[in-house]
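One structure is given below, encoded as structure tokens.
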Amino acid sequence: MRVVVGGAVLREGRLLAARRSAPAELAGGWELPGGKIESGEDEPGALVRELREELGVEVRPLERVPGEWPLGRGHVLRVWTAELLSGEPEPLQDHDALRWLGPDDLGEVEWLEQDRPAVAFVAGMLDGV
Ligand code: 9L3
Ligand code: MG
């Protein structure tokens, strides 16, 4: 099983959502940005690298969202909450739009099916961050 780690980046009561531009079958869907763990990495380390590459930011992973969700082809999605340490996210790679969503806005974007349970869990945390 290969792990894909997604980041629930939280700031001032809002969650960062990223719209995928690739691959074609996922383009237009919104996700918690991240990607596959590479050999030798742990989950937080992979998330830090992925968000640096994809968004140009430095983050600190905080905690695992309970659960994991199958992605098909031997991959599983795990999600960590994270805080921004520096930089302003930009869609540098694999995304063409970003949004910071508050608790009332989370339903405004078409989340990838696989990300929905984690988004629902994190929704309950937004009042506290
Ligand atoms: N995926 C699903 N939800 C996410 C992420 C980061 C990734 N929050 C799926 C999309 C791809 C696979 O995992 O099929 C690998 O992701 P990536 O490395 O292309 O970002
Ligand atoms: Mg990715």
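Counting begins at 1 with the first residue of the sequence. For ligands, and for the atoms within them, numbers begin at 1 and follow the listed sequence. Values below: all heavy atoms of this structure, side chains included; hydrogens, waters and symmetry mates excluded.
Looking at L71, L26, L77, L47, it is L26 that brings a heavy atom closest to atom 14 (O) of ligand 1. One option in R73, E31, K36 has a heavy atom closer to atom 15 (C) of ligand 1 than any other, and that option is K36.
When only non-hydrogen protein atoms are considered, atom 3 (N) of ligand 1 lies nearest to D115 OD1, 2.7 Å. Nearest non-hydrogen protein atom to atom 12 (C) of ligand 1 is V4 CG2, 4.3 Å. Nearest protein neighbour of atom 19 (O) of ligand 1, counting heavy atoms only, is R20 NH2, 2.9 Å. Protein heavy atom in closest approach to atom 18 (O) of ligand 1: G35 CA, 3.5 Å.
Although no hydrogens or angles enter the test, the distance criterion places a donor-acceptor pair under 3.5 Å between the side chain of R2 and the main chain of I37. R116 places a side-chain N or O within donor-acceptor distance of the main-chain N or O of W111, the cut-off being under 3.5 Å. Side-chain N or O atoms of D115 include one that pairs as donor or acceptor with a backbone N or O of L32 at under 3.5 Å.
In this structure, CZ on R52 lies 12.0 Å from CG on L55, to the nearest 0.5 angstrom. L10 CG to L84 CG: the interatomic distance, rounded to the nearest 0.5 Å, is 9.5 Å.
The existence of a salt bridge linking E50 and K36 is excluded, since no basic side-chain nitrogen approaches an acidic carboxylate oxygen closer than 4.0 Å. Using a cut-off of 4.0 Å between Lys/Arg side-chain N and Asp/Glu carboxylate O, R49 and E38 are scored as salt-bridged.
At a heavy-atom cutoff of 4.0 Å, ligand 1 is contacted by no atom of D94, backbone or side chain. Contact annotation: for H75 versus ligand 1, there are no heavy atoms closer than 4.0 Å.
Between V5 and ligand 1, no pair of N/O atoms sits closer than 3.5 Å. Between L112 and ligand 1, no N or O atom pair is found at a separation short of 3.5 Å. In terms of N/O distances under 3.5 Å, ligand 1 is not approached by Q114.
Annotation: cation-pi pair R11/W100 present, NZ/CZ under 6.0 Å from the ring centroid and within 45° of its normal.
Here the angle at the Mg ion (ligand 2) defined by OE2 in E54 and O in G34 stands at 90°, rounded to 10 degrees.
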